[in-house]
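We use all heavy atoms of the structure for the numbers below, so side chains are in, but hydrogens, waters and symmetry mates are not. Residue numbers start at 1 and run along the sequence shown.
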Amino acid sequence: MDRARQQQSLLLLPTCLALAFSLTAVVSSHWCEGTRRVVKPLCRDQPGGQHCIHFKQDNSSDGRIGNDSQAVLYIWELGDDKFIQRGFHVGLWQSCEESLNNEDEKCRSFQSVVPAEEQGVLWLSIGGEVLNIVLILASAILLGSRVSCRSLGFDWLRVDALVAIFMVLAGLLGMVAHMMYTTIFQITVNLGPEDWKPQTWDYGWSYCLAWGSFALCLAVSVTAMSRFTAAHLEVTEQQWAQNGSQPSQHSFLEPKASESVWKTGAAPCLAGHAFRNVSGHLPPGATGKVSIC
């Protein structure tokens, strides 16, 4: 019994780990990470700054710096020097981008940048992730009750079967949800607004956690199913052994070959049988008695 409890405890550990991975991936915003190429602002508010365009404004005739909109601006940065690379990261719920000073991030809803015709698929992906978490949580509760309770009258084989079914469903739902989100993000990169499109991007650590949870779900499902199969076979063999060791309730006597009644003078008869002389009906030269029921 203690060995079985230890095995269930070892099975509970990856289940809780898969649950933690899924929760962290859903609430975080690092599914995809990359950089955006944006134009530097003019160095009006921060002269001498590194992330702005340096310029020189033509002075007016009286020597003062003119504020006229038609004044000539001499910009020294040309080509790629006018642009800056900003880091960004995106999750299921929001998209965040670095500020110029690298002090804070500017975030907005990821749904606001997804094309309108793809927003339904985004919500399906979010729903799949939520169902994935619910199924893993139910499996963890079942395994926890399996470890903590010592009731012998309960059919714990059904618990192992339910855990196997829930975890494989959670893994499949998570896989479909991850693939849907990947498709939505790639469509948004191509068809999204210009002020959001990234120049380079790759998958982040949240995406890796989500697929790690998928792998753990399948591993727990296979382990629970193998344990259920082995336990079920063991119980079946025990039942067969018990049934085979019990004495048979009905014993049948095998008929034995007996000599012909024509060669014997009399045949043994059970109670209730009557002996009659049938010598008149026998072939010539044969005498004897036969029993007639």
* Structure fact -> Correct closest heavy-atom pair for P14 and L216 would be O-CD1, 4.0 Å
* Residues two or more places apart in sequence or in another chain: which of them pass side chain to side chain donor-acceptor pair (under 3.5 Å) with W201? -> none
* Who passes side chain to side chain contact (heavy atoms under 4.5 Å, CB included) against T24, sequence neighbours left out? -> W205, L209
* Check whether any side-chain heavy atom of V26 lies under 4.5 Å from a side-chain heavy atom of F21, and answer yes or no. => no
* Kindly say whether L11 contributes a backbone atom to a donor-acceptor pair with the side chain of T15 at under 3.5 angstrom? => yes
* **From OG (S95) to CD (Q111), nearest 0.5 Å** => 13.5 Å
* To do: Could you note down all residue pairs passing salt bridge (Lys or Arg N to Asp or Glu O under 4.0 Å) where residues 106-134 supplies at least one of them, sequence neighbours left out?
  => R108-D195
* Structure fact -> Rounded to the nearest 0.5 angstrom, the CG-CG distance for L17 and L12 is 11.0 Å
* **Separation of Q186 CD from I184 CD1 (nearest 0.5 Å)** => 11.0 Å
* Asked: What pairs with T182 under side chain to side chain donor-acceptor pair (under 3.5 Å), at least two apart in sequence or on another chain?
  -> Y207
* Asked: Under 3.5 Å, side chain of R227 to main-chain N/O of D160, donor-acceptor pair present?
  -> no
* Residues two or more places apart in sequence or in another chain: which of them pass side chain to side chain contact (heavy atoms under 4.5 Å, CB included) with T200? -> T35
* **Pairing residues for C107 by the disulfide bond (SG atoms under 2.5 Å apart) criterion, not counting sequence neighbours** => C96
* W123 with V27, same ILVMFWY side-chain cluster at under 4.5 Å -> no
* Asked: Is T183 reaching over with its side chain to a backbone N or O of M179, donor-acceptor style, under 3.5 angstrom?
  -> yes
* Under 3.5 Å donor-acceptor, H89 side chain and G34 backbone -> no
* Provide the closest heavy-atom pair for A25 versus W31 in the form atom of the first, atom of the second, distance. => O-NE1, 2.7 Å
* Asked: What residues, two or more places apart in sequence or in another chain, satisfy side chain to side chain contact (heavy atoms under 4.5 Å, CB included) together with F214?
  -> M175, W211, L218
* Kindly write out the residues that satisfy side chain to side chain contact (heavy atoms under 4.5 Å, CB included) with S221, not counting sequence neighbours, or none if the list is empty. => A164, M167, V168
* To do: Under the salt bridge (Lys or Arg N to Asp or Glu O under 4.0 Å) rule, collect the residues that match up with E33, sequence neighbours excluded.
  => none
* Would you say R36 and K197 make side-chain contact, with heavy atoms under 4.5 Å? -> no
* So, do W93 and S109 sit near enough that their side-chain heavy atoms are less than 4.5 Å apart? -> no
* Structure fact -> Taking every heavy atom of Y181 against every heavy atom of G91, the minimum-distance pair comes out as OH-O, 2.9 Å
* Asked: Under the side chain to side chain donor-acceptor pair (under 3.5 Å) test, which residues partner Q94, sequence neighbours left out?
  -> none
* Hydrophobic cluster membership, V113 vs I187, 4.5 Å side-chain cutoff -> no
* Can you find a pair of side-chain heavy atoms, one from L92 and one from F110, that are under 4.5 Å apart? -> no
* Considering all heavy atoms, the nearest C217-A18 contact -> SG-CB, 4.3 Å
Donor-acceptor list for residues 130-141 side chains, cut-off 3.5 Å, not counting sequence neighbours:
residue : atom : partner : partner atom : Å
N132    : ND2  : S22     : OG           : 3.3
S139    : OG   : L135    : O            : 3.0

* Asked: Are any non-hydrogen side-chain atoms of R86 and E97 less than 4.5 angstrom apart?
  -> yes
* Quick one: side chain to side chain donor-acceptor pair (under 3.5 Å) partners of S28, sequence neighbours excluded? -> S206
